[in-house]
Every structure is written in C-alpha cells, then in structure tokens.
S.K.: 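Shown below is the structure under consideration.
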2 protein chains.
Amino acid sequence: MTITFDVLAEQLRAGGHKLTQPRRAILQALLASAKPLSPAEIQQSGQAFCAELGLVTVYRTLEILESIDMVRPVHVADGCHGYVLATPGHTHHVVCERCHAVVEIVGCDLGDFLDRVAARTGYQITDHWLEIAGICGACQQEKMD
Amino acid sequence: MTITFDVLAEQLRAGGHKLTQPRRAILQALLASAKPLSPAEIQQSGQAFCAELGLVTVYRTLEILESIDMVRPVHVADGCHGYVLATPGHTHHVVCERCHAVVEIVGCDLGDFLDRVAARTGYQITDHWLEIAGICGACQQEKMD
DNA sequence: TCTCGTACTGAAAAAGTTTTTCAATTAGGA
DNA sequence: TCCTAATTGAAAAACTTTTTCAGTACGAGA
Ligand SMILES: [Mn+2]
Ligand SMILES: [Mn+2]
Ligand SMILES: [Zn+2]
Ligand SMILES: [Zn+2]
C-alpha cells in the first residue's frame, strides 16, 4: 500500500487524460480510503480537496479509471459496487464484513480449478471474478471486549 | 437441470410463504430461462403466466426467494445483478460472455487457496463469491461459421 | 365447501441512482 | 501568453428500487 499520488497522476496522464482538480480530488479520496467507496462517498470525501466536485464528474472519472484499470469495482456485502484503487493486472479482494477494510490479493491459484470447470462444462473460460469476505484482524480483536 | 416447478413450489411453502399466482409466474419465468434475468425481465417473461404481474411483486418475491436461498444474484458482465435459480448450498456460476447461458458449479475447491489468503492477510475468511466468465459450447461453434 | 383473517397484490408516489445535455471553464501544448 | 479541445457542474431526463395504501386472494379451520 505504498502507492503515491504522483504515480497515480502519471498513470492517468499516460492514458491521455488531463489531470484536473476534480480528478486530483477523486484520486486523493480513493488513496485516503481503506475501504471501497461508492460514487457518492467519493464525491463527499473528494470535496475536501475540490470543494465544487460534482457527482457527475465522479461517475465520468470512475469510468475512465476503470477503463485503464486504475480502479476496480468491488462488491460489498449488502449494496453493490464500491470502488477501490487497483494494482494493475489480475487481483482479488478480501473485504471485512464488519468494517469493510480491504486487502488486495495479488497472486491467484485458481488455474487447476478453472481447468476442471472448463472440462466439466465445455465452456472456454475467459475470466473470473472472486471476492472474499472475512473479518479483519482489528475486528477480530474487538470481538474479545 | 431437472428441477421441477412442484419442487420449487413446495420449497416456497415450506418457507411459510403463500403460493400465489404472481409467485407461480415468477418461478415459471426463472425455470424457463437459461440465463440470469433482471427484475424487469422476470416481470416481462412472467406475464405470460400471470398477465397482471407487477414489478413491485417481482422485487418482493426475489427478496423472499433469496432469503430462503432459492434464487441467487449473479453478476453479468456489463450490468449488475441477474437472478438465477439456485441449488441449495454453496455454488458458483459460469456465464457465457456471448449469450449469457449459465451453468452452475456445485463443488468448489478453493479451500487451500483461501487458507493461504487467511494466513497471508490475518483475516478470518467467512465467505467467498466466485463468478466465472467464458464462452459456451454453442457460442464456440458459432465462431466457426 | 364456505368463512375469515391475514399475507399478499398492483397502482401510484417517493426515493435513489445513473446518464444525457449544454453552456461555461480549464488544462496544457504551441 | 494564447488557443482549442477536453472537461466541468447544473439541470433535466432516464432508470431503478422502495414505500404507501386500499383492495384481493390464499389457505387454515369450521
Ligand atoms: Mn483470480
Ligand atoms: Mn452488483
Ligand atoms: Zn474489519
Ligand atoms: Zn454462449
């Protein structure tokens, strides 16, 4: 979790996009959060950095960030779709059921399992999406109070 | 895929719910579909069985069916949340990217992988959600035309 | 089979979310 | 610094989901 704002900013520009104040604010909001954020939460949190930040801009920026794989949708237990910063490539997320703290899992060993699925179903597997729910260390502690 | 309407109907009543015409229609719609259906699609398809079927009732019924694990939300590539009938217990789904045909995977071998995730993150893993995308047999054929 | 209480229904309205439109603004290369 | 295309926020539209409410129908019990 040592990714910096400057790296993100550069990634955005490398994708051919302008680095505007609202976009800076959105990146800051995502960077500051330990849990997936909804568009409305991103707006609210981002307004600390750009007071005028509009919700429309949040939607538009998320669309861009997702298209260049800088951000990924994560399913939170109840509602849908929180967004978190992604490290490039194929990853999964573990989300705490209590506090929604997120940890990214970079490696993924599902190959054998997926091969078996392919054999059994006749499908040619192209992709998969795994999300893991659990209870984070901090929340486990809390239980013992 | 040999589940019958009568079995579903009985499951619903076993859960303490009435077996009404609109609910019959919703079960028929789900039973007849090879792919996940949105609430609006369920309404439309269900109106063949109950002409007056309202969308509100579809939402309410899905909530019940989900609560007794008769139906499960599945994420379709673009939009969110289609619903499919579920076999009880823990399953996953393979969804065709082209035609959305769904196959349910009953076993799941993720135990070792999840143990490693637990060890690495300190999270106590409570649940997981895996969806697999692919290309079904029929759509693979089609490619060769 | 009939009666009755309650679970359930659809219409309408409200609430919430996401997308589109548009005139004004701003980033950043020249 | 200037210029232009990309980007912005407000407003409105389009969609989706939930709430309210008066009427309906299921199904247990007589
Ligand atoms: Mn994976
Ligand atoms: Mn979803
Ligand atoms: Zn936690
Ligand atoms: Zn297919």
S.K.: When the distance from CD of B:Glu41 to P of D:dT17 is rounded to whole Å, what number comes out?
M.R.: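 Between P of D:dT17 and CD of B:Glu41: 12 Å.
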S.K.: CG of B:Leu55 versus C1' of D:dT18: gap in Å, rounded?
M.R.: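 It is 11 Å, rounded to the nearest whole Å.
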S.K.: Could you state the atom-to-atom distance from CD of A:Glu52 to C1' of C:dT26 in whole Å?
M.R.: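 About 14 Å, once rounded to whole Å.
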S.K.: Please give, in whole Å, the distance from D:dT18 P to B:Gln43 CD?
M.R.: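 Rounded to the whole Å, the gap is 15 Å.
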S.K.: Between P on D:dT24 and CG on B:Leu53, what's the gap in Å once rounded to a whole number?
M.R.: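 Spelled out: CG on B:Leu53 to P on D:dT24 is 18 Å.
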S.K.: Answer yes or no: are there more than 12 heavy-atom neighbours, outside A:Gln47 itself, under 6.0 Å from its atom CD?
M.R.: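 Enclosed: over 12 neighbouring heavy atoms sit under 6.0 Å from CD of A:Gln47.
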S.K.: Any salt bridge between A:Lys35 and A:Glu41, counting N to O under 4.0 Å?
M.R.: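 Salt bridge between A:Lys35 and A:Glu41, a charged N being under 4.0 Å from a carboxylate O: yes.
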S.K.: DNA chain D: B:Val56 or A:Gly54, which has the more 5' nearest nucleotide?
M.R.: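 The answer here is A:Gly54.
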S.K.: For B:His128, which residues count as a ring-ring contact (aromatic ring centres under 6.0 Å, His included) partner, sequence neighbours excluded?
M.R.: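 Result, ring-ring contact (aromatic ring centres under 6.0 Å, His included) vs B:His128: B:His90, B:His92.
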S.K.: Would you say A:Arg23 places a side-chain N or O within less than 4.0 Å of OP1 or OP2 belonging to D:dT7?
M.R.: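 Result: yes.
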S.K.: Ignoring hydrogens and geometry, is there a side-chain-to-backbone donor-acceptor pair from A:Gln140 to A:Ile135 under 3.5 Å?
M.R.: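 Here the side-chain-to-backbone pair exists.
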S.K.: Separation of B:Tyr59 atom OH from C:dT17 atom C1', in whole Å?
M.R.: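 Atom-to-atom, B:Tyr59 to C:dT17, this comes out as 11 Å.
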S.K.: Where do N or O atoms of nucleotides 26-30 of chain D meet protein N or O atoms at under 3.5 Å, pair by pair?
M.R.:
residue	atom	partner	partner atom	Å
D:dC26	O2	B:Lys18	NZ	2.7
D:dG27	OP1	B:Leu19	N	2.7

S.K.: Can you measure A:Arg60 atom CZ to C:dT17 atom C1' for me and round it to whole angstrom units?
M.R.: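 Going from A:Arg60 (CZ) to C:dT17 (C1'), I get 16 Å.
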S.K.: B:Glu63 CD to C:dA7 C1': how many Å, rounded?
M.R.: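 Whole-Å distance recorded here is 15 Å.
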S.K.: Using 0.5 Å steps for rounding, measure from the CG atom of B:Leu114 to the CZ atom of B:Arg116.
M.R.: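 One gets 9.0 Å once the value is rounded to the nearest 0.5 Å.
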S.K.: For A:Asp127, enumerate each residue passing the side-chain hydrogen bond (donor to acceptor under 3.5 Å, both in side chains) test, keeping only those at least two apart in sequence or located in another chain.
M.R.: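 None.
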